[in-house]
Participant: 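A single structure is presented below for examination.
All chains are named by letter (A, B, ...) in the order of the sequence lines, taking the proteins before the strands, and each is independently numbered beginning at 1. Only a predicted model underlies this, so the values are computations on that prediction, with no experimental measurement involved.
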Amino acid sequence: MYITTTIPYVNARPHLGFALELVQADVLARHHRRRGEPVRFQTGTDDNSLKNVLAAEAAGVPVRELVDRNAAAFEGLRGPLDLSFDSFIRTSTHPGHRAGVERIWRAVAHDLYPRHYEGLYCVGCEQFYTEGPCPEGHRQPLQTVSEENWFFRLSRYQDALSELIRGGRLKIEPVTRRNEVLAFVESGLADISVSRSAARARGWGIPVPGDPGQVVYVWWDALANYVTALEGDDYERWWVAERRKVHLMGKGVIRFHAVYWPAMLLSAGLPLPTQIFVHDYLTVAGQKISKSSGDAVDPVALVEAYGTDAVRWWLLREVPRVGDADFTAERLVARADEDLANGLGNLVNRVVTMVSRFLDGHVPAPGEDLADVSGTVSGTVSDTVHEALEGYDFRRAAAAVWRIVEEANRYVERTQPWRQDGTAREASLGTLVHACRALAVQLEPFLPTAAARVAAAVGGERLERAAPLYPRLVDAGRAGV
RNA sequence: GGGGCGGUAGCUCAGCCGGUCAGAGCAUCGGACUCAUAAUCCGUGGGUCGUGGGUUCAAGUCCCACCCGCCCUACCA
């Protein structure tokens with residue numbers, strides 16, 4: 001399975017919204033790897049955007065410097081967010097990217113033609129609109145652009161795209177997004193501008209092959225990353241031979257991925273992606289994420305304050321498959337304390353303590369009733385998780401894992417090991433240790449760190465008491481902003 | 001303007017083809033227990049399922065209109 005995230009502009013440091021996409025992609029990657037499927041998880045940054053140039057000018061620093069710094073911040077999310085991406089491409093430094101973009105350009109040459117164009121352009125979106133203001137709410141007013149550009153015959157691909165999507169060869173989730181794309185495609189496609197003057201681009205970007213006065217449209221450039229990141233044999237393996245190629249993205253960029261990109265590939269005679277998953281946006285305390293949101297949306301700051309698991313868990317357990325989700329530190333803390341501290345952490349803690357106190361730490365064999373607790377695990381839970389993830393329902397998948405925690409806690413109350421003796425007690429505690437081990441396994445795609453900590457706490461033949469895995473955040477004075 | 005999605009307990013949300021669908025979690029309240037991080041387990045209360053019509057023996061669940069929120073798309077020019 002080839003999984004990609006979009007590659008964001010690097011005009012600023014990453015915010016929580018992009019962290020959501022990365023974490024979702026990471027869960028898919030880990031889940032499928034665990035099932036033994038070959039996985040390639042790809043992400044990166046779009047360095048060649050004019051927006052980056054403008055941000056650098058505004059900040060009074062060289063473009064190269066700003067781009068390098070911010071790109072590093074994006075790549076640096078790997079540690080804080082426990083990401084497992086296999087490759088990180090930067091469009092301005094990746095060795096094969098430029099050549100790849102040029103190759104695709106030439107392959108599509110039969111569908112390119114020069115045309116004078118005049119329109120309203122939003123630098124924030126890197127896109128033309130028929131009227132202002134730009135729907136994404138970018139501050140800068142739309143600018144009137146009038147110049148000679150290269151155009152791509154998108155109109156030729158209307159029927160092909162329609163069939164592709166209707167036939168399911170290009171699956172778009174959720175359905176409402178699929179319908180949206182179909183409505184757009186079937187309402188008639190106009191050719192699009194795919195280059196701009198090098199002057200307007202401030203000389204930043206990839207020159208059009210054979211026309212140095214023009215720079216390749218940044219979206220064309222960025223979309224190509226999905227294949228240019230795959231060099232040599234990797235291209236054959238992951239773009240040609242792979243049956244499942246999934247693009248994850250936010251709702252603002254569907255058209256590029258579901259229309260322009262497949263059309264480009266069709267024109268170039270290259271294989272297409274197979275699935276597109278569109279997530280909605282995050283708001284913070286009811287407001288759109290913006291610069292003024294500050295630390296409240298800085299994933300690294302959140303991780304420093306609350307921990308990787310708390311941040312990942314909020315993103316996975318609270319964000320619905322469809323619809324925007326509202327983030328507040330209070331919600332993150334409430335969820336972490338309820339699930340991580342009171343649920344998971346407390347369960348492991350009480351089990352380890354009992355084994356330590358009553359059995360001198362020795363792990364007994366599980367009892368006959370193991371199936372009651374961890375049978376739920378291997379069977380129902382793992383099935384539900386898989387089913388939910390096939391539908392990109394991360395929240396449902398995450399919730400399913402918690403059934404093990406709930407079931408194990410009920411089991412403790414039911415058997416009351418502290419009142420049992422001899423073999424009965426050993427059997428109960430054995431069952432509980434095994435349930436915790438099963439929990440660690442199920443947890444791995446969602447919270448790799450938590451999974452490792454649980455596994456360490458209940459692993460081996462002899463358990464030792466230790467400090468609680470997840471102290472309550474509210475007690476630690478981390479009640480929120 | 002056209003199209004789509006959503007409006008269900010204080011909060012966040014489940015409810016597929018109409019008939020135990022009026023639910024879950026959190027919060028509240030009561031009880032149990034003491035292995036555990038004032039945790040855990042059990043139970044209670046609470047909603048005219050956005051509004052108004054309609055179809056049906058029966059409607060959150062279908063149809064129509066309207067109100068509110070959001071998304072896509074367009075435009076009188």
Participant: Could you please name the partner base of B/rG60, counting Watson-Crick and G-U wobble pairs only when both distances are under 3.5 Å?
Facilitator: none
Participant: Just call it for A/Leu469: base, sugar-phosphate, or nothing, with non-hydrogen atoms closer than 4.0 Å on any strand.
Facilitator: base
Participant: Using Watson-Crick or G-U wobble geometry with both distances below 3.5 Å, tell me the partner of B/rC17, or none.
Facilitator: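 Base-paired to nothing in any strand shown.
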Participant: Tell me what A/Ala341 touches on the nucleic acid: a base, only sugar-phosphate, or nothing, going by heavy atoms under 4.0 Å.
Facilitator: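 Base contact.
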Participant: Which base sits across from B/rC70 as a Watson-Crick or G-U pair, both distances under 3.5 Å?
Facilitator: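 Partner of B/rC70: B/rG4.
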Participant: I'd like the C1' distance from B/rG23 over to B/rU37, given in whole Å.
Facilitator: 31 Å
Participant: Is A/Glu407 paired with A/Arg410 through a side-chain N to carboxylate O contact shorter than 4.0 Å?
Facilitator: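 Result for this pair is yes, salt bridge flagged.
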Participant: Take the angle between the ring planes of A/His32 and A/His386 and call it parallel below 30°, perpendicular above 60°, tilted in between.
Facilitator: perpendicular
Participant: Phosphate oxygens OP1/OP2 of B/rC42: is one of them under 4.0 Å from a side-chain N or O of A/Arg414?
Facilitator: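 False: A/Arg414 side-chain N/O out of range (4.0 Å or more) of B/rC42 OP1/OP2.
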Participant: So what does A/Arg357 hit on the nucleic acid, given a heavy-atom distance under 4.0 Å: a base, only sugar-phosphate, or nothing?
Facilitator: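 A/Arg357: backbone/sugar contact only, no base atoms under 4.0 Å.
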Participant: When we call it a touch if two heavy atoms are under 4.0 Å apart, what does A/Asn346 touch: a base, just sugar-phosphate, or nothing?
Facilitator: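 A/Asn346: base contact, heavy atoms under 4.0 Å.
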Participant: OP1 or OP2 of B/rC42 versus the side-chain N and O atoms of A/Arg410: is any pair under 4.0 Å?
Facilitator: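 Indeed, a polar side-chain atom of A/Arg410 lies that close.
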Participant: Need one value for A/Arg419: base, sugar-phosphate or nothing, where a base atom within 4.0 Å counts as base even if backbone is also close, heavy atoms only.
Facilitator: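 Answer is sugar-phosphate: A/Arg419 comes under 4.0 Å of backbone atoms only.
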Participant: Does the pair A/His31 and A/Arg34 meet the rule for a side chain to side chain donor-acceptor pair (under 3.5 Å), with working shown?
Facilitator: CA-CA 5 Å; A/His31 173 70; A/Arg34 186 183 51 168; 3.0 Å; yes
Participant: Name the pairing partner of B/rG47, where a pair is Watson-Crick or G-U wobble with both distances under 3.5 Å, or state none.
Facilitator: none
Participant: Distance check, P atoms only: B/rG18 and B/rA74, in whole angstrom units.
Facilitator: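 It works out to 36 Å between them.
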Participant: Say you pick atom C1' in B/rG15 and the same atom in B/rG6; how far apart are they, in whole Å?
Facilitator: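 The same atom, C1', in both gives a distance of 15 Å.
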Participant: Could you give the distance separating B/rC17 and B/rC62 at their C1' atoms, to the nearest angstrom?
Facilitator: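 These two C1' atoms come out 11 Å apart once rounded.
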Participant: Can you check whether A/Arg395 has a side-chain N or O nearer than 4.0 Å to OP1 or OP2 of B/rA14?
Facilitator: yes
Participant: Check this for me: does any side-chain nitrogen of one of A/Glu318 and A/Arg335 sit under 4.0 Å from a carboxylate oxygen of the other?
Facilitator: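 Yes.
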Participant: Rounded to whole angstrom, note down the C1' distance from B/rA27 over to B/rG47.
Facilitator: 16 Å
